[in-house]
Structures are given as structure tokens and as C-alpha cells.
There are 2 protein chains.
Amino acid sequence: MPDLVYRNVMHDIKKRIRGGEFTTKKLPDERSLSESYQVSRSTIKRAMGVLVDQGIIFKKRGSGTFINPLYLKDQSAFRYEGRNLGITDSFQVNGEQPQSRLLDYRVVPASPEIQQELFLNDAEFVYRIKRLRLFDDQPVIIETGYIPIKILPALTPAVVQSSIFNYLQETQDQSVTKSFLSIRAQPSSHEDQKLLNLTEVEPVGVMEGIFFMDDGTPFEVSNMHLHYKYLKYGTFVNLDED
Amino acid sequence: MPDLVYRNVMHDIKKRIRGGEFTTKKLPDERSLSESYQVSRSTIKRAMGVLVDQGIIFKKRGSGTFINPLYLKDQSAFRYEGRNLGITDSFQVNGEQPQSRLLDYRVVPASPEIQQELFLNDAEFVYRIKRLRLFDDQPVIIETGYIPIKILPALTPAVVQSSIFNYLQETQDQSVTKSFLSIRAQPSSHEDQKLLNLTEVEPVGVMEGIFFMDDGTPFEVSNMHLHYKYLKYGTFVNLDED
DNA sequence: AAGTGGTCTAGACCACTAC
DNA sequence: TAGTGGTCTAGACCACTTA
């Protein structure tokens, strides 16, 4: 990442908060920070804005800026467990890379629904990639992904076994940072039970996602069935600005 | 809401996008918009930034700003179904107000966990409010909420039956726009099955939330068991700025 | 080379809170 | 009344894309 000023300020303030520097839970006012960091007040505001979005601080007009007490108590809650879930391919649990077993790999015509979601024409084809992901030798996710062949014409099963997102990054210098996600739950099917070692009263979490490249092109539609014990989506929700 | 310039611009651009005005999927450049709206370029950037956060447009440095094709195809995906779920109390489904059946209402000492989450001391008390929420006479959610008595010392069962958030708004001019949410799934318990009319293979969604007032004070901890057919959390995820 | 978005600045003025 | 965050401006300069 480039060396942006507001980013540096943001990280520094975060570090100072974690270091327990502001025992009153109150941050210095924006004009002082502007002075001490030798940057404009706008830049301070931008840095602070990121921390507000992350739920780490609260601003109160007229009184000042305050640290979310929970951030000091339990920083793990701020880790956005859901974030890693967003990018299925760069999944990590406790820093461990998942294994992947390829269940199916084929090229098929895009169904009307997939056409709409990936913005394809009638005659276009997609890879249909079905994988079982395992952590610690435990099967955790059944994932079915659809990717337009025109985006990755040279995709191979070998690449699919490792990381499609890395491959995209390397071959096209594009990353995937945006997605729509929806999450729900349902009883497990026979296939779910068999692949994920579930009993019939144990459910699966269903995550469906559309992933976009930096330029807005839809890159992949993905449907995931997760072992319910591994589904945990956590997020900070801010209803301002709506 | 006040009549902020960037907000007006944001809404106007959104309206123009929905109206199909930009058939090329490309928006005018920022300097032109600045000119035509007679506002500064910074204000345009701010308005556009909101739309980027909502997943409605994508910016591409050097080329321009483009509409997310999915926004035109399927605006419902952009509705953040999860948003309403965030504020359990102002829940709506198809614009319908939920009914609420009070299952339990008492004042108890805050457990260590609740103390931590609501930032309370050892000797403090909380309301423990257990409600069953129904839509269309269908039981949908079992909710157990914990609220510090010191925040709402005059709370009554009558208020609880209607809307606690409205009550907070009226009595203290505070709203609740921020929360931590976590979502998971699990098999239904006997109580779940009985109250939500589930069979034993049907699961519940579990949403846990900590809700904050505008000034950052934790207001409520809530644990919800949702009928799995009504759990659908959708959101736009942007992994920039991390 | 021209066009477009990104970053950053310096400062004016407003709105709210606390005293 | 003093202090604090919010909004908005006008403009400089940079980085990237496209031709």
C-alpha cells in the first residue's frame, strides 16, 4: 500500500489508542492533532472517519471524540470475522490456509440468473467450480463458484486448487475488494450431511456472494454451504448516512 | 434530517441513476458535476463516496466513475435487508409493524459478560426483557435484551410492548445508529421449536448485537433466535481502507 | 498529451456542548 | 463565551488511463 498521510495518521492513532495512551477515553481535539501531526485538519478528519467507520471511536459534536470502551476491552470483536469470509479464496482460520478438494470442474452455459448477476450475454459460458474446503482436515465449506471464461480464459484445475484470487492478481493486476453477501441458514441436505459430517438436525449456513473486481466488473458468483459451527459473521453496523 | 448539500447531491445523482439517465453506465466527471451542481469538487467527492460505500457506483482512477450494472438490474439487493434487522425494535417486514408478546420482564444483576459489554460496574442492574415477535401472526423471533436500568430508570412493560427505541428518542433525544452484530446458526432447542413452530431438523439463526447510542454509550445487549426462514442478512462489503 | 480520480491544504463559517 | 466537531470552498499537485 502507498504511503498515504491520512492512513499513517489513522494507524498511528489506532496504535496510541491500543497502547492505552488516552486514559480519559477522550482524544485530543482535531485542531491540536492537526498541529501535532503537522497535517491539515481535513486529513485528521479523514483519518478519524475511518476509525469511526470501524467502530473504534465515536464523535460527539460540541464535546469531542471518544474511544469505544469495548475496543479496549475486547478488540477481537473488531476483527470483522466476516471479512475473511468475504473472500472465500483467501480464507483463513487462525492463520491457517485451508485445504481444498476439487469436487467438480466444468464449463457450462450461464443460466439466466447467473447471466444477470455476472452481466453476461445469452451465449456466454462460465466455469462451474465445486470445491470442498477443509480446515485441520475438517470439512467446513461446500462452495460452488461461477466465473466467466472470458475473464480467465486460461484457468486450469491446478490454479483452482490453490488460489484463484492470487491468480487474478498476478495475471491481470486486479484485486477483489468488493462484494455483495447474503447470509441465511437452512436444514442440511443429504449431500451436506455426507460431505460436512453433519447429523440431520444440524443445519448449514448459506452464504451467497457476488464478487467484483476493482473496476466494478462482476468476477464471481459463489454459493457456499458452511458447517454451522464455522459460520460466524461479525460486523460493525453504522446506520448513519442513509 | 438537515438539508446538507452533499446529501442532496447524493440523492439527486441516485435518482438520476435510477431514472436511467446515464445509459453509458458512465457518470459525468467530477469537475463537470461540480460545475453543474454549483458546488465544490470536494462536495461532489463526498456525495459520490457515499454511493461507493453503498455499492452503487465504482470509481476507476484515470477513467471515470461507473454505475454498478447490478444496481440497475436488481435494486432490491442494495436494500440491506440486514439493516432493519440491526435495530430489532424498529423491525419491519413488508412495511408491517411486528407484534410483540412479552414473555418475561425483570430486573437482574448484570452478569460479568453483560457488565463488560454494557460497560457496567459490579453492582449494577439491568432489565432483562424477553419477547416473542410475530409477523402476520407468525412467530419469528425470540429476543432477549438487556438494558441498564440507569439509562431508562422509568421503563415500563407498556413501553416495552411498543418501542423502546422510540421511547429513548422521545425521552432523551438519543438515537441508536451503531451496533456490533454477529450472526450464526444452530439446531433449534425445544423452546425454539415450541415458540417458533419448528420441527427438530429446522434450525434457528442466532443474532447477537450490542447497540450504541449516538454518544457511544452501549445501550442494549440483545440475543435473538430467528426462525431460519426469516434470517436473511444481506450487505455490501468493501475491503478497502483496512 | 489530455482527461479523470486521489490526496492534501488553509481557511471560512456553522451547530452544538459545556461552563 | 470558549471549545469542539461538521460542512463547504477553491485550488494545487499527483497518479493513472487512454489515445
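Reckoned from all heavy atoms, side chains included, excluding hydrogens, waters and symmetry mates. Keep in mind that what you see is a predicted model, and the values were worked out from it rather than measured. Per chain, numbering begins at 1; letters A, B, ... match sequence-line order.
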Query raised in the report: Side chains of B/Asp214 and B/Ser175: is there a donor and an acceptor less than 3.5 Å apart?
Result: yes
Nearest-nucleotide pick for [X], side chain only, options being [options]:
| X | options | answer |
| --- | --- | --- |
| B/Asp29 | C/dC8, D/dG5, C/dG5 | C/dG5 |
| B/Leu4 | C/dG5, D/dT7, C/dC8 | D/dT7 |
| B/Glu30 | C/dG6, C/dT9, D/dT7 | C/dG6 |
| A/Arg61 | C/dC16, C/dT9, D/dC8 | C/dC16 |

Roughly how many Å is it from [atom1] in [X] to [atom2] in [N], rounded to a whole number?
| X | N | atom1 | atom2 | result |
| --- | --- | --- | --- | --- |
| B/Tyr37 | D/dT9 | OH | P | 14 Å |
| B/Asp215 | D/dG5 | CG | P | 15 Å |
| B/Arg46 | D/dC8 | CZ | P | 7 Å |
| B/Gln174 | C/dC16 | CD | P | 14 Å |
| A/Asp214 | D/dC16 | CG | P | 13 Å |
| A/Tyr6 | C/dT9 | OH | C1' | 16 Å |
| B/Phe58 | D/dC16 | CZ | C1' | 19 Å |
| B/Leu27 | C/dG5 | CG | P | 9 Å |

**Report entry** Side-chain donor/acceptor of A/Ser179 to backbone N/O of A/Leu181, under 3.5 Å
**Finding:** no
Query raised in the report: B/Asp29 side chain to B/Ser32 main-chain N or O, any donor-acceptor pair under 3.5 Å?
Result: yes
With a 4.0 Å limit, can you tell me whether [X] has a side-chain N or O closer than that to the phosphate oxygens OP1/OP2 of [N]?
| X | N | answer |
| --- | --- | --- |
| A/Arg31 | D/dT4 | no |
| A/Thr43 | C/dT9 | yes |
| A/Lys60 | D/dG5 | no |
| A/Lys59 | D/dG6 | yes |

Query raised in the report: Considering heavy-atom distances to DNA chain C, does B/Lys45 or A/Gln38 have its closest nucleotide positioned more toward the 5' end?
Result: B/Lys45
Query raised in the report: When you match A/Gly62 and A/Val39 each to their closest nucleotide on DNA chain C, which lands nearer the 5' end?
Result: A/Val39
Requested in this report: With heavy atoms under 4.0 Å as the rule, sort A/Ser63 into base, sugar-phosphate or nothing.
Outcome: sugar-phosphate
Query raised in the report: Taking 4.0 angstrom as the limit, do B/Lys59 and B/Glu30 come out as a salt bridge?
Result: yes
Requested in this report: Before accepting this row, confirm whether a basic side-chain N of the pair B/Arg184/B/Glu208 lies closer than 4.0 Å to the acidic partner's carboxylate O.
Outcome: yes
Query raised in the report: Taking the nucleotide of DNA chain D with the closest heavy atom to each, which residue, A/Ser42 or A/Thr65, is nearer the 5' end?
Result: A/Thr65
Requested in this report: Would you kindly check whether a donor in the side chain of B/Arg41 faces an acceptor in the base of C/dG5, or vice versa, at under 3.5 angstrom?
Outcome: yes
Report task. Check the angle between the aromatic planes of A/Phe236 and A/Phe58 and answer parallel, tilted or perpendicular using the 30° and 60° thresholds. Result -> perpendicular
